Amino acid sequence: NAGVTQTPKFQVLKTGQSMTLQCAQDMNHEYMSWYRQDPGMGLRLIHYSVGAGITDQGEVPNGYNVSRSTTEDFPLRLLSAAPSQTSVYFCASSGQGAKETQYFGPGTRLLVL
Amino acid sequence: AQSVTQLDSQVPVFEEAPVELRCNYSSSVSVYLFWYVQYPNQGLQLLLKYLSGSTLVESINGFEAEFNKSQTSFHLRKPSVHISDTAEYFCAVKRTAGNMLTFGGGTRLMVKP
């Protein structure tokens with residue numbers, strides 16, 4: 001049981017490039033989400049999904065796309081990277097329901113030059 | 001909407017001293033409360049949570065938090081800290097009818113020998 005896995009661990013992009021951050025979980029969780037972590041701002045929700053085929057926007061969705069074709073995978077796409085997207089990105093998953101604990105991946109550190 | 005305020009961005013403390021990390025929240029609906037810990041270069045791990053019942057909740061490594069509804073607070077305490085407690089701590093809330101976590105800005109606990 002690997003929990004929540006994320007790849008890559010670290011990435012450097014040039015402004016305007018696109019890339020996909022991968023996230024997978026093996027706990028059969030229905031709910032998955034993406035956060036970005038910036039100093040002093042905690043974690044802010046980018047996008048989330050309550051099940052395969054269903055996604056919605058969080059607090060800071062601009063510049064990011066997601067899809068959920070399977071229960072296990074929830075990739076995050078940066079369409080045209082900007083320096084403001086330099087951050088640490090975390091994927092999380094949980095069972096459905098407010099009492100469920102969210103489990104976090106190890107993070108992807110992204111630097112946009 | 002919910003919001004979470006962690007009143008201290010950094011808390012330096014000597015080993016074996018007591019510590020309190022403060023968390024206040026604002027919400028127009030009922031919420032569940034969480035504390036997560038992030039060790040250096042790692043993802044977030046659940047430390048403890050308040051769902052219902054006793055307002056005092058404990059973790060397995062000696063931390064405790066008390067839910068105070070009248071003061072809308074959920075402060076985290078430990079009577080005697082160790083070097084290994086050095087980490088960033090995040091307070092978070094979740095509506096009782098939802099999945100999304102709202103995080104505070106984080107408090108960096110620095111335990112000195």
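From a predicted model like this one, the values you see are computed outputs, not experimental measurements. Numbered from 1 within each chain, the chains take letters A, B, ... in sequence-line order.
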Counting heavy-atom pairs under 4.5 Å to chain B, which of A:Ala92, A:Pro39, A:Gly107, A:Gly40 comes out on top?
A:Gly40

Output the option from A:Glu100, A:Gln102, A:Arg109 having the highest count of non-hydrogen pairs under 4.5 Å with chain B.
A:Gln102

B:Asn24 backbone acceptor or donor facing B:Arg22 side chain under 3.5 Å:
no

How about B:Phe103 and A:Tyr35: are their ring centroids closer than 6.0 Å?
yes

Measure from NZ or CZ of B:Lys94 to the centre of the six-membered ring of B:Tyr32 and say whether it is under 6.0 Å with the direction within 45° of the ring axis.
no

Counting heavy-atom pairs under 4.5 Å with chain A, which one of B:Val4, B:Leu51, B:Thr107, B:Leu101 comes out on top?
B:Leu101

Could you look at A:Tyr103 and say if it's the side chain, the backbone, both or neither that has a heavy atom under 4.5 Å from chain B?
neither

Can you tell me which portion of A:Gln37 sits under 4.5 Å from chain B's heavy atoms? Options are side chain, backbone, both or neither.
side chain

Hey, do the aromatic rings of B:Tyr89 and B:Phe63 have their centres closer than 6.0 Å?
yes

Measuring heavy-atom distances to chain B, does A:Leu45 have an atom under 4.5 Å in its side chain, in its backbone, in both, or in neither?
side chain

Would you mind checking which part of A:Arg44 comes under 4.5 Å of any heavy atom in chain B, side chain (CB onward), backbone (N, CA, C, O), both or neither?
neither

B:Gln6 versus chain A, heavy atoms under 4.5 Å apart: side chain, backbone, both or neither?
neither

Which atoms of B:Gln38 come close to chain A, meaning under 4.5 Å heavy atom to heavy atom: side chain ones, backbone ones, both, or neither?
side chain

Whether the side chain of A:Gln25 engages the backbone of A:Asn28 through a donor-acceptor N/O pair (distance < 3.5 Å, no angle test) should be reported.
yes

Using non-hydrogen atoms only, which part of A:Thr101 is less than 4.5 Å away from chain B: side chain, backbone, both, or neither?
both

When heavy-atom pairs shorter than 4.5 Å are enumerated against chain A, which of B:Ser9, B:Gly104, B:Gly106 gives the highest number?
B:Gly104

Most heavy-atom pairs under 4.5 angstrom with chain A, which of B:Thr102, B:Asn99, B:Leu44?
B:Asn99

Under-4.0 Å salt bridge between B:Asp85 and B:Lys78
yes

So, do B:Tyr36 and A:Phe104 have ring centers that fall under 6.0 Å from each other?
yes

Interchain contact, B:Leu46 with chain A, by part (heavy-atom threshold 4.5 Å)
side chain

Salt-bridge test for B:Arg77 and B:Glu20: reply yes if a basic N is under 4.0 Å from a carboxylate O, no otherwise.
yes

Identify which part of B:Arg108 has an atom lying under 4.5 Å from any heavy atom of chain A, answering side chain, backbone, both or neither.
neither

Run the numbers on B:Asn68 and B:Ser70 for side-chain hydrogen bond (donor to acceptor under 3.5 Å, both in side chains), then give the verdict.
CA-CA 6 Å; B:Asn68 188 320; B:Ser70 63; 2.8 Å; yes

